[in-house]
Amino acid sequence: MSVGEGEPTALDYYLVHPGPAGGEPRGRPEGVVVEEFVFAADHSAVRLHSAAWTPQDGGWWSSADFSRTMRLDVALRSRVVAVPRRAAAATYRELGGGELPDEGTLRGHFHDSAPLATAPLPLAPDRSTAGFGETRVYRVLFADALGPDGLAHLRATWRMTVTGDAADPGARVLGVARRRVGDDAFTWHLRRIGAGGPWCLDLTVDLAGGRDDTVRPMLRELTTTLRMRGLLPVTVERFS
């Protein structure tokens with residue numbers, strides 16, 4: 001996910017596999033997808049860029065429709081696996097593409113982007129947390145669901161306090177974790193939106209002063225952790 005067009009960071013990489021067998025992607029990857037979210041000044045996502053490459057196409061192409069389909073079509077999403085850049089580069093080479101272009105060059109293939117809704121959500125705190133200058137709440141919405149192994153990994157990685165039983169379809173908040181970054185405090189809840197619905201991460205940010213430069217790196221880190229466990233980010237919203 002990007003920190004904005006003026007402050008680029010690492011792109012997000014995915015491999016697209018043939019159809020799943022037994023619910024898992026199988027076979028040699030068929031192509032590479034690269035994505036980047038663009039953010040507003042308040043760190044809410046406003047646009048999604050993407051580009052894809054397959055040996056059959058022989059070149060990179062950009063499609064907002066493909067990005068949307070990745071998030072809406074369960075069959076396609078089951079074939080998409082998040083990977084670090086080094087794995088994407090290895091696959092690109094193995095499929096005959098040569099050396100994977102640098103990220104500046106890859107951004108040059110972003111021609112058709114998907115705009116994201118930016119309407120504020122009515123779930124902000126009424127006032128700042130005591131001792132802090134400002135309190136914000138962000139929601140990172142994801143497609144797909146976490147399995148037991150993914151939850152166990154997150155609970156260990158984040159030292160998350162378990163607050164709900166994932167086997168209970170009525171459980172909504174499954175865990176909460178906290179961290180201090182300098183004088184700022186972060187609390188995040190891993191949540192299911194309705195029975196069988198999408199998952200999200202709700203991040204409460206307590207800012208000590210007038211700067212908010214800790215927000216974007218934290219959103220990036222938490223989103224990447226969930227992406228690598230099989231969840232596909234849809235958007236980042238800031239509650240009003």
CZ/Phe66 to CZ/Arg71 distance, rounded to the nearest 0.5 angstrom?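 One finds 10.0 Å between CZ of Phe66 and CZ of Arg71.
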
Nearest atoms (heavy-atom pairs only) where Asp165 meets Arg192: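 Distance-wise, the nearest heavy atoms are O-NH2, 4.0 Å.
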
What's the shortest heavy-atom distance between Ser50 and Ser62, and which atoms?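 Taking every non-hydrogen atom into account, O-OG, 2.9 Å.
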
Would you call Glu134 and Arg136 a salt bridge, using N to O less than 4.0 angstrom?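 The answer is yes: the pair qualifies as a salt bridge.
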
Pairing of Glu36 and Arg47 as salt bridge, 4.0 angstrom limit: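 So Glu36 does not pair with Arg47 through a salt bridge.
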
For the [atom1] atom on [X], are there more than 12 heavy atoms of other groups (residues, nucleotides or ligands in this structure) within a distance under 6.0 Å?
X: Arg93; atom1: CZ; value: yes
X: Asp183; atom1: CG; value: no
X: Arg159; atom1: CZ; value: no

Determine whether Leu141 and Trp199 satisfy the following criterion, side chain to side chain contact (heavy atoms under 4.5 Å, CB included), listing intermediate values before the conclusion. CA-CA 6 Å; Leu141 183 65; Trp199 289 55; over 6 Å; no

For [X] and [Y], test the side chains for any donor-to-acceptor distance below 3.5 angstrom and give the result as yes or no.
X: Asp65; Y: Ser63; result: no
X: Thr129; Y: Asp206; result: yes
X: Trp61; Y: Asp57; result: yes
X: Arg79; Y: His17; result: no

Row check, Tyr14 ring normal vs Arg227 NZ/CZ: under 6.0 Å, within 45°: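 Output yes; distance and angle both within limits.
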
Specify whether His111 and His109 have parallel, tilted or perpendicular ring planes, treating 30° as the upper limit for parallel and 60° as the lower limit for perpendicular.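 Rings of His111 and His109: perpendicular, over 60°.
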
